[in-house]
Trainee: 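Starting off with a structure, shown below.
Along the sequence shown, residues are numbered consecutively beginning with 1.
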Amino acid sequence: MYRKTLLFISMFFCLSCIGVDVTDDYVEPSIRITSPQIISIKVGQQFQFSAKYFDASGSLVEEPNFEWDVIPEDAMSINNNGLAIAEKSAEATLSVHVETTLGNVISDSTSFSILTLISMIQQTKPILQQQQQMCHQLQQKLLQQLLIMIQLF
């Protein structure tokens, strides 16, 4: 009886789960530019772009081999670490690419304006003119109120 019980317990342990389940969940690899979204950057300014790459298991890959590029090419220079320097006024599109373990290339991109200081001044000029008009109107109203107060005394 002792042998039968021992045999049964042995069989139970051999057929039971060993505590490690293997799952083969496939996720489409993805890449995302994670640096803050910029609308514009001025010529001569540096900006650090960053991205994250998630492999077919959905895990973040540490230190992947990113390739960065900009269209138009002469608008901005960028190194493999994502450090960019704006060089010329343009509407630019920045892309980052990585090769997956399956040999596919995936990418992400973002677009923004590269402006010269003159362009920035020209964009702010209408705002300044509007503020000057509002200030002038306020001065006129204050002057009218002051004249009314003087007449009352």
Side-chain angles (χ1 to χ4, degrees), residues 2-141:
Y2 176 73
R3 286 186 178 191
K4 287 183 181 180
T5 306
L6 187 60
L7 180 63
F8 178 76
I9 292 173
S10 305
M11 294 283 288
F12 177 77
F13 281 119
C14 289
L15 297 176
S16 66
C17 179
I18 59 172
V20 177
D21 290 331
V22 177
T23 57
D24 191 22
D25 292 338
Y26 178 79
V27 178
E28 281 294 322
S30 65
I31 186 170
R32 289 189 297 243
I33 295 175
T34 56
S35 50
Q37 179 71 28
I38 60 171
I39 297 170
S40 65
I41 187 172
K42 69 179 180 177
V43 172
Q45 185 176 357
Q46 289 186 348
F47 191 82
Q48 180 64 55
F49 289 94
S50 59
K52 290 188 179 181
Y53 165 54
F54 298 90
D55 64 12
S57 67
S59 300
L60 177 65
V61 176
E62 297 295 328
E63 299 183 23
N65 188 22
F66 289 138
E67 292 182 28
W68 297 86
D69 60 44
V70 179
I71 297 174
E73 291 179 5
D74 60 345
M76 177 179 276
S77 63
I78 188 163
N79 65 20
N80 285 338
N81 295 324
L83 181 62
I85 301 173
E87 297 178 350
K88 177 183 155 186
S89 180
E91 291 297 317
T93 300
L94 176 103
S95 300
V96 61
H97 314 274
V98 69
E99 186 173 340
T100 67
T101 54
L102 300 175
N104 302 327
V105 176
I106 57 173
S107 64
D108 190 21
S109 63
T110 185
S111 298
F112 49 89
S113 300
I114 300 174
L115 304 171
T116 60
L117 188 56
I118 293 171
S119 298
M120 292 177 139
I121 291 171
Q122 288 174 344
Q123 287 183 351
T124 58
K125 190 175 181 180
I127 296 169
L128 290 174
Q129 288 174 342
Q130 183 182 17
Q131 288 177 345
Q132 287 174 342
Q133 287 175 348
M134 290 173 56
C135 186
H136 180 70
Q137 290 171 354
L138 184 59
Q139 286 175 344
Q140 291 294 325
K141 288 181 181 179

Trainee: Can you see which heavy atom on Leu60 is nearest to which on Lys52, and at what distance?
Mentor: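 Closest approach of Leu60 to Lys52: CD1-CB, 3.8 Å.
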
Trainee: Does Ile39 CD1 have over 12 foreign heavy atoms under 6.0 Å away?
Mentor: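 At most 12 heavy atoms, drawn from other residues, nucleotides or ligands, come within 6.0 Å of this atom.
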
Trainee: Once you round to the nearest 0.5 Å, how far does CD of Gln45 lie from CD1 of Ile85?
Mentor: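 Going from CD on Gln45 over to CD1 on Ile85, the span is 11.0 Å.
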
Trainee: Would you name the heavy atoms of Leu115 and Ser89 that are closest together and state the gap between them?
Mentor: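 Looking at all heavy atoms of both residues, the shortest contact is CA-OG, 4.2 Å.
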
Trainee: If I take atom CD1 from residue Ile106 and atom CZ from residue Arg32, how far apart are they, to the nearest 0.5 angstrom?
Mentor: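 Those atoms lie 10.5 Å apart.
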
Trainee: For a quick test of reading the model, state the closest non-hydrogen atom pair linking Val43 to Lys88 and the distance between them.
Mentor: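 Smallest heavy-atom distance, with atoms named: CG2-C, 3.9 Å.
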
Trainee: Any sub-3.5 Å donor-acceptor pair from Ser113's side-chain atoms to Glu91's backbone N or O?
Mentor: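 Here the side-chain-to-backbone pair does not exist.
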
Trainee: Minimum heavy-atom separation for Ala92 to Val70, with atom names?
Mentor: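 Residues Ala92 and Val70, closest heavy atoms: CB-CG1, 4.1 Å.
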
Trainee: Out of curiosity, Phe66 CZ to Glu63 CD, how far, rounded to the nearest 0.5 Å?
Mentor: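 Interatomic distance, Phe66 CZ to Glu63 CD, rounded to 0.5 Å: 10.5 Å.
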
Trainee: Kindly compute the distance separating CG (Leu94) from CE (Met76), expressed to the nearest 0.5 Å.
Mentor: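 Between atom CG of Leu94 and atom CE of Met76 there are 7.0 Å.
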
Trainee: Under the criterion side-chain contact (heavy atoms from CB on, under 4.5 Å), which of Gln140, Gln133, Gln132 is the partner of His136?
Mentor: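 Exactly one pass, corresponding to Gln140.
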
Trainee: About how many Å separate CD of Gln137 and CD of Gln139, when rounded to the nearest 0.5 Å?
Mentor: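 Interatomic distance, Gln139 CD to Gln137 CD, rounded to 0.5 Å: 10.5 Å.
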
Trainee: Under the criterion side chain to side chain contact (heavy atoms under 4.5 Å, CB included), I'd like the reasoning laid out for Glu87 against Asp74: C-alpha separation, chi angles, the key distance, then a yes or no.
Mentor: CA-CA 7 Å; Glu87 297 178 350; Asp74 60 345; 5.8 Å; no

Trainee: With rounding to the nearest 0.5 Å, note down the distance linking CZ in Phe47 to CZ in Phe112.
Mentor: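 These two atoms lie 8.5 Å from each other.
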
Trainee: Looking at every non-hydrogen atom in both residues, tell me the closest pair between Ser111 and Gln37 and how far apart they are.
Mentor: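 Result for this residue pair: O-NE2, 4.0 Å.
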
Trainee: If only atom types and distance count, is the side chain of Asn79 paired as donor or acceptor with the main-chain N or O of Asn81 below 3.5 Å?
Mentor: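 Such a contact is found between Asn79 side chain and Asn81 backbone.
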
Trainee: Would you indicate whether the side-chain heavy atoms of Phe54 and Val27 approach each other to under 4.5 Å?
Mentor: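 They are not in contact (no side-chain heavy atoms under 4.5 Å apart), so the answer is no.
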
Trainee: If you compare all heavy atoms of Tyr53 against all heavy atoms of Pro29, which two are closest, and at what distance to 0.1 Å?
Mentor: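 Looks like CE1-CB, 4.1 Å.
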
Trainee: Between the side chain of Gln48 and the main-chain N/O of Ser35, is any donor-acceptor distance below 3.5 Å?
Mentor: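 No; zero donor-acceptor contacts below 3.5 Å.
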
